[in-house]
2 protein chains.
Amino acid sequence: MRVAEPTVERLVLYYRLLMQLHNEERRVVSSQEIGEMLGLKASQVRKDLSYFGEIGKRGVGYHVERLYRHVSDILSPDRVWKIALVGVGRLGEALLGHKALRSEKFRLEALFDNDPAKIGQVICSVPCYDSEEMTEIIREKGIEVVILTIPAAAAQVSADRAVAAGTVKGILTFATTAISVPEEVLVYRVDISVELEKLLFFLKGRMA
Amino acid sequence: MRVAEPTVERLVLYYRLLMQLHNEERRVVSSQEIGEMLGLKASQVRKDLSYFGEIGKRGVGYHVERLYRHVSDILSPDRVWKIALVGVGRLGEALLGHKALRSEKFRLEALFDNDPAKIGQVICSVPCYDSEEMTEIIREKGIEVVILTIPAAAAQVSADRAVAAGTVKGILTFATTAISVPEEVLVYRVDISVELEKLLFFLKGRMA
DNA sequence: GTTCATCCGTGAACATTATAACAAATGATT
DNA sequence: AATCATTTGTTATAATGTTCACGGATGAAC
């Protein structure tokens, strides 16, 4: 069954919240409460959670542990992905330390950079390779997901090199530029400038 | 007139592309071409651009410089915002060096951290203050936008301190947790984990 | 046990966003 | 000057997403 992107996004939020509630040994929670904690309408929460079958109990609410496991199952991949990070600059290093990259859903197998001082090093227990050799190494290692933390100018070249390996199925890019890839490769973009611009734009509107 | 959020998001993309085209001394561009370069439908591009009046020329296309200035005007704030960054960890420092924070639309006036080694320092020509003093300093300086690059556990406390100053109108948070603020404060969230999770979820779906 | 307040699941109504379709304008060509 | 290939702006339509409203469970209180 097809699930909408906004729903998946909220599922991740539910997952986090449920983990927290579970740790607090909370037993039961209602859609109302979930909504208040996450800033969503209760009806939205119920609709999202009902996509995957009846999991709550009418008149009672959702059993925290059961719902937690359920959402966890939905989000869990059927295997551990192999990923690589391209660009070990400040942002790349920040990501290496960020909890987003500490997940059991994937293993970070390789870093790439073009700085000779970094090539050959092992950073955060991950080896760093020369960007020039990206295609071969990605292919050898069978890496399927690539995170790009490089300047806009280098993004397309890196994307091309990664895709050329033939094993890459998804790209998460932080570069502030559009990249073009074959349509079978899924691209997600995190664009800090865009979010800031949106914030300022709507602030301007509110002042007026 | 009200403009939809997805439209504003794309306006930023148009803006970037037009800057580039302008630098390349390109004179004219069509909605078709813009769409191809950004991965959008031509009709979408035309609709977005027409929200702000007739700016193209039928049978010809859009005059690059004129459109560039036009989009630039739409996105430009009516004054320079004063902003602060809370949390000078790896992610905060990455942002300090990132081009997203080099904009003429705002001035970064203060940093906040609770690390004694950083308090009192001037980092990237911006003074770093003790997080404890956040409310007073934000109020004194009249800071209106706050960027949170801190762990989830500290996010709500920092948001509360910032909002308590009474001058803050918008928050951009990188924390992986929901924060609750008065409804007159606009919050945007950049959530790296969520984007990665979404990518993996839809990859799983494609494999099946 | 009956009543009652609570709360889920769901289909329908509503709102938003994207796409398609086409008339009107433009400049090139003949 | 008339025709033609383009390309915009806009209206109509389709697709998507959110909220409402209510039937039907559930357990607590008395």
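Any value given below was found using the heavy atoms of this structure, including those in side chains, with hydrogens, waters and symmetry copies removed. The sequence lines fix the lettering, A, B, ..., with proteins before strands; numbering per chain opens at 1.
Ion pairing between a basic and an acidic side chain is recognised when a charged N comes within 4.0 Å of a carboxylate O; Lys198(B) and Glu5(A) show such pairing.
Under the side-chain hydrogen bond (donor to acceptor under 3.5 Å, both in side chains) criterion, Glu140(A) pairs with no residue, sequence neighbours left out. For Ala4(B), the side-chain contact (heavy atoms from CB on, under 4.5 Å) criterion is met by Pro6(B), Thr7(B), not counting sequence neighbours. Considering only residues two or more places apart in sequence or on other chains, Tyr15(B) meets the ring pair (Phe, Tyr, Trp, His ring centres under 6.0 Å) condition with Tyr68(B). Residues passing the side-chain contact (heavy atoms from CB on, under 4.5 Å) test with Ser193(A) are Thr176(A), Asp191(A), Arg16(B), His98(B), Ala100(B), sequence neighbours excluded.
In this structure, Val12(B) and Phe201(A) have side chains that are not in contact, with every pair of non-hydrogen atoms separated by 4.5 Å or more. Looking only at side-chain heavy atoms (C-beta outward), Val8(A) and Glu197(B) stay at 4.5 Å or farther from each other.
Of all the residues in residues 189-197 of chain B, not one reaches under 4.0 Å from DNA chain D with any non-hydrogen atom. For the contact set between residues 36-48 of chain A and DNA chain D, defined by any heavy atom under 4.0 Å, the members are Lys41(A), Ser43(A), Gln44(A), Arg46(A), Lys47(A). For the contact set between residues 8-33 of chain B and DNA chain C, defined by any heavy atom under 4.0 Å, the members are Arg10(B). For residues 51-72 of chain B, proximity to DNA chain D is found at Glu54(B), Ile55(B), Gly56(B), Lys57(B), Arg58(B), Gly59(B), Val60(B), Gly61(B), Tyr62(B), defined as any non-hydrogen atom under 4.0 angstrom from a strand atom.
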Residues 35-42 of chain A side chain polar contacts: donor-acceptor under 3.5 Å, at least two apart:
| residue | atom | partner | partner atom | Å |
| --- | --- | --- | --- | --- |
| Glu36(A) | OE2 | Gln32(A) | NE2 | 3.3 |

Show every donor-acceptor pair shorter than 3.5 Å between a side-chain atom in residues 141-156 of chain B and any protein atom, with sequence neighbours excluded, or say none if there are none.
| residue | atom | partner | partner atom | Å |
| --- | --- | --- | --- | --- |
| Lys141(B) | NZ | Tyr129(B) | OH | 3.4 |
| Glu144(B) | OE1 | Arg79(B) | NH1 | 3.2 |
| Glu144(B) | OE2 | Arg79(B) | NH1 | 2.7 |
| Glu144(B) | OE2 | Arg79(B) | NH2 | 3.4 |
| Thr149(B) | OG1 | Val86(B) | O | 3.1 |
| Thr149(B) | OG1 | Gly87(B) | O | 2.6 |
| Gln156(B) | OE1 | Ser180(B) | N | 2.9 |
| Gln156(B) | NE2 | Asp160(B) | OD1 | 2.8 |
| Gln156(B) | NE2 | Ser180(B) | O | 3.0 |

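Close approach of DNA chain C to chain A, defined as any atom under 4.0 Å from a non-hydrogen atom of the protein, starts and stops at dT6(C) to dA12(C). Nucleotides of DNA chain D with any atom under 4.0 Å from a heavy atom of chain A span, from 5' to 3', dG17(D) to dG27(D).
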May I have the step-by-step check of side chain to side chain contact (heavy atoms under 4.5 Å, CB included) for Leu101(A) and Leu85(A), ending in yes or no?
CA-CA 10 Å; Leu101(A) 285 203; Leu85(A) 188 145; 3.8 Å; yes

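Rounded to the nearest 0.5 angstrom, Glu133(A) CD and Arg139(A) CZ are separated by 13.0 Å.
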